[in-house]
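Working notes, structure below.
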Amino acid sequence: MKKSVFITGALVFLISISGCYYDNKTEMYGTAVCDTANPTYTAIIQPMINQNCIGCHGSSSPSGGVSLTTYAQVIVVATKGNLEGTMNQSGGYALMPPGGKLSACKLNQMAKWIRNGAPQ
Ligand code: HEC
């Protein structure tokens, strides 16, 4: 009887400490590591697009005729409003990327970047 109580206790303890283990900064600190202070194209936006959009919006036959390979091309859609519209699935735009919305952090960085005048 006592033994099983001890084993149950040990198991509960092990499960609870394993729940405190994170190897992912974002998971551990949540939005705290989301840097929205001063996003620039070079530091934040270009890597985000290269990771999530360029597969379909590269330079050769881009989807929807929208190429997102250069700063000049990205600010065109940023100022037209369809960049944020697609990423937030607002204003009747189809969601981009079609596979699922990017994280709240990335959407905030994009919004801030556009509000700041899309600095390079
Ligand atoms: C799996 C392919 C795919 C990915 C990945 C993708 N797109 Fe698209 N995108 C499309 C297609 C197809 C269209 C044109 C048809 C449509 O509007 O649904 C399009 C259209 C667009 C348009 C024009 C919308 C309009 O109506 O004016 C914008 C802006 C856009 N995408 C931005 C992005 C951004 C930003 C990302 C990354 C965050 C992204 N896309 C990722 C396939 C993709």
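If you read the sequence from its start, that first residue is 1, and numbering goes on from there. These values consider heavy atoms only, across backbone and side chains, with no hydrogens, waters or symmetry-generated copies. Atoms within each ligand, like the ligands themselves, are counted from 1 in listed order.
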So, do T86 and L95 sit near enough that their side-chain heavy atoms are less than 4.5 Å apart?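 Heavy-atom side-chain distance check fails, nothing below 4.5 Å.
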For the residue pair M48 and Q109, establish whether any side-chain heavy-atom pair is separated by less than 4.5 Å.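 Yes; the side chains approach each other to less than 4.5 Å.
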Under 3.5 Å, side chain of Q73 to main-chain N/O of T70, donor-acceptor pair present? yes
Taking Y71's backbone N and O only, do any of them form a donor-acceptor pair with Y41's side chain (distance below 3.5 Å, no angle check)?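 A pair under 3.5 Å: yes.
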Could you state whether L83 and V76 fall into the same hydrophobic cluster, counting links through intermediate Ile, Leu, Val, Met, Phe, Trp or Tyr residues with side-chain heavy atoms under 4.5 angstrom apart? no
Pull out every atom of ligand 1 sitting under 4.0 Å from any heavy atom of [X], numbered as shown with elements.
X	answer
L83	35 (C)
N52	5 (C), 37 (C), 41 (C)
Y93	25 (C), 26 (O), 27 (O)

Would you verify that at least one protein heavy atom lies under 4.0 Å from atom 12 (C) of ligand 1, or report that none does?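 Answer yes: something from the protein, a heavy atom, is under 4.0 Å.
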Using 2.8 Å as the cut-off, count the protein N, O or S atoms closer than that to atom 8 (Fe) of ligand 1. 2
Measure the spacing between CD of Q46 and CD1 of I54 and express it to the nearest 0.5 Å. 8.0 Å
Sort out for me which residue in V66, I49, V74 forms a side-chain contact (heavy atoms from CB on, under 4.5 Å) with H57.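 With H57 as partner, V66, I49, V74 yield a single side-chain contact (heavy atoms from CB on, under 4.5 Å), made by V66.
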How about S67 and T69: does a side-chain donor come under 3.5 Å of a side-chain acceptor?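 Yes - a donor-acceptor pair under 3.5 Å links their side chains.
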Protein residue, atom and distance nearest to atom 27 (O) of ligand 1, heavy-atom basis: N82 ND2, 2.9 Å
